[in-house]
Number of protein chains: 4
Amino acid sequence: MFQLNLKDHSPLYQQIKEQMKTMIISGALKADEKIPSVRELAQMLTINPNTIQKAYKELEQEGFIYSIRAKGSFVTPRDNILKEVRINELMTNLEKTVRELIYVQVPCQQVVLYIKKLYAEEGSTADD
Amino acid sequence: MFQLNLKDHSPLYQQIKEQMKTMIISGALKADEKIPSVRELAQMLTINPNTIQKAYKELEQEGFIYSIRAKGSFVTPRDNILKEVRINELMTNLEKTVRELIYVQVPCQQVVLYIKKLYAEEGSTADD
Amino acid sequence: MFQLNLKDHSPLYQQIKEQMKTMIISGALKADEKIPSVRELAQMLTINPNTIQKAYKELEQEGFIYSIRAKGSFVTPRDNILKEVRINELMTNLEKTVRELIYVQVPCQQVVLYIKKLYAEEGSTADD
Amino acid sequence: MFQLNLKDHSPLYQQIKEQMKTMIISGALKADEKIPSVRELAQMLTINPNTIQKAYKELEQEGFIYSIRAKGSFVTPRDNILKEVRINELMTNLEKTVRELIYVQVPCQQVVLYIKKLYAEEGSTADD
DNA sequence: GTGGTCTAGACCACC
DNA sequence: GTGGTCTAGACCACT
C-alpha cells in the first residue's frame, strides 16, 4: 500500500502525506471513506505513531482529510475542498515545469497530447 | 539580481539554485556566459561562501553550469545538457500537477490554452 | 434545533453546552421552561446519552439550568444566576479580545458602535 | 516570564502560545525581536523542547512569529500580519461575549467605558 | 547552536 | 479504540 524510502532526504511524514494525497486524487480512496487509524498505519509501516499523526494533521489542515475524535480519519469529498488557493499554486507549478520543458526543447504538441491523454483517462473513470 | 528570503523555510542554497536556473532558462544568462564567482556572489548576498559553493556544486551536477579551474563558472549551452533524465523528471512532475488539476476540476481546455500561451511567448523570443 | 458538527474538534458535549447557552441567552428558551430530557435529546441527535448528561451537568454547575429529580431540567431565571463570578470571566475575556483588536488597529469607534448596536437590538426585544 | 499551569486542562503548548501572543500584543516583545530559542525556553520552563517546538510552529502558522533556520525565531511586525481573517474571528468572539454581558444585565455604558479605557492606555504607549 | 525530524513509550479525553 | 498531548533523548541539515 505505502512505500517509504528511508534513504530519501524528504521526511517520512511528507512521504506519507504525498502518497495519501496521491491515493485520494487518483480515486483509490473514495469520499468519506475511512483511512487507517494513526496506530494501524504506524504498525503497518513499522514507524512511530507520532510521525503518522503529524502527516494526518497536515493533511487535515490542507483539507484533504478530516478527523473525528474517537471515530477515525476520513477523506474529504472533493467538492468541499477549498480550491482557489490550491489552483493558483498548481498553475504556478505548471508554469515552472512547462518553462523548463520549453528550454529542453520538448515540442508543444507532445506536452499538449500528454495532458489530453491524462484528462481522457480520468474522465472515463472518475468524472461524475 | 538575487532575492533571498530568509523567512522562507527552503534552504538558502536551494533558493540560489532555483533563481540561477530560472535565469538560465529564461535566457537572462546566455550560453557560455560567466556567472559570478563564489566569493563575489557571497559578498553580494552577504552570506557564507559555503552556501554558494553548495548551490554551484549541485547546479554543475545537474548540468546547468560547468566550471573551469582558476577561470570561474559558466552556463552550459542548452544543446549540451543531458536532457533525457531531466525530461523524464519534468514529465513525471507534469503528470502529478495535472492529475491534481483534474481532481479540482479545472477543465482540460484551460490547461491546454495556458500551455500554448507559454510556448507562444517563448517561441517568439528564444526559440532558435 | 441543535446542529452538531462532528468534524469540529471541540467535544460534542461542549457544542451542546454552547448551543443551549445561546438559546437561553437569546431568549429562545424562557425562564423555568422545561428543556428536553437527556434521553430525548440523545435520541434526537442520535448520540450517546452520556454525552448529553455531561453537557447538562456542566450547565447546571454553571447555573444556567436546574434539574428536579423525576421531573426534568429547567432554565434558571436570569435573576437567579450567580452573576459576579461570571461577569468577571466575561470582562477578562472582553479585555483580551479588545487588546488584540487594538493590536490589529481596529479603531475604537468601530468597536464601540458595534457594541451599542448589539445592546440596541437586545434592548428592544428582551430587556425587562 | 512564563507561568505554566500543569493542572489546567488546556495543553501546555497552547498556554505557551497564549502567553507569547499576549506578550507580542502588549508590546513587551517588539517587532523583529528575537524570542528565546526552542531549547532555551524548554530549559527555562523545564519542559520538553518538542512542546515548545509545537507552540512556535503554530505561532508561525498564525503569523505572529517567523523563524529562520540556524538563526532563531522572531516577532512578526504587526503591519505584516494577515489581518482580515483574524478581525472577523475577533468580532465574532466580541459579539458572543457582549451578548452574554447583556444577558447578565451589565449596562451598556459600563462596557463602553471599559473599552475606551483600554484604548486610551494603549494609545498613549504603543500608537506609532 | 538553531530549527526540524524521529523514536519509544506513556497518559488523557472522548465516545 | 480513536485522536491528541507530552517526555526524554537522539540525529540531521543549515549557517
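Within every chain, numbering begins at 1; the chains are lettered A, B, ... in the order of the sequence lines, protein sequences first and strands thereafter.
Side-chain polar atoms of C:E60 and C:S67 form a donor-acceptor pair below 3.5 angstrom.
Rounded to an integer number of Å, the gap from CG of D:L41 to P of E:dG1 is 18 Å. In this structure, A:L45 places its CG atom 14 Å from C1' of E:dC6, rounding to the nearest Å. Taking atom CZ of residue A:F74 and atom P of nucleotide F:dT2, one finds them 10 Å apart after rounding to whole Å. As a whole-Å value, the separation of D:Q43 CD from E:dG1 C1' is 13 Å. Rounded to an integer number of Å, the gap from A:I16 CD1 to E:dC6 C1' is 11 Å. Taking atom CG on D:L6 and atom P on F:dT5, their separation rounds to 16 Å, with Å as the unit. Rounded to whole Å, the distance from CD on D:E58 to P on E:dG4 is 13 Å. In this entry the distance linking CD of A:Q53 with P of E:dA13 reads 16 Å, nearest Å.
The shortest side-chain heavy-atom distance between C:I16 and C:L59 does not fall under the 4.5 Å cut-off.
Here D:E58 pairs with A:K57 in a salt bridge; the nearest charged N to carboxylate O distance falls below 4.0 Å. A salt bridge does not link D:E100 with D:K96: every distance from a Lys NZ or Arg NE/NH1/NH2 to an Asp or Glu carboxylate oxygen is 4.0 Å or more. A salt bridge is defined here as a Lys NZ or Arg NE, NH1 or NH2 lying under 4.0 Å from an Asp or Glu carboxylate O, and A:E62 with A:R86 fails to meet this definition.
Proximity of a side-chain donor or acceptor of A:Q53 to a complementary backbone N or O of A:V38 within less than 3.5 Å is not detected.
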Could you spell out the base pairing of DNA chain F as a dot-bracket line? Use Watson-Crick and G-U wobble contacts where both distances are under 3.5 Å, [ ] for crossing pairs, | for partners on a different strand. ||||||||||||||.
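Listed pair A:S67 / F:dT2 fails the phosphate criterion, with no side-chain N or O lying under 4.0 Å from OP1 or OP2.
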Nucleotide by nucleotide, nucleotides 8-15 of chain F touches protein heavy atoms under 4.0 Å in the pattern (B base, S sugar-phosphate only, - none) BB----BS
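For residues 10-67 of chain D, the pairs satisfying ring pair (Phe, Tyr, Trp, His ring centres under 6.0 Å) are D:Y66-D:F74, with sequence neighbours left out.
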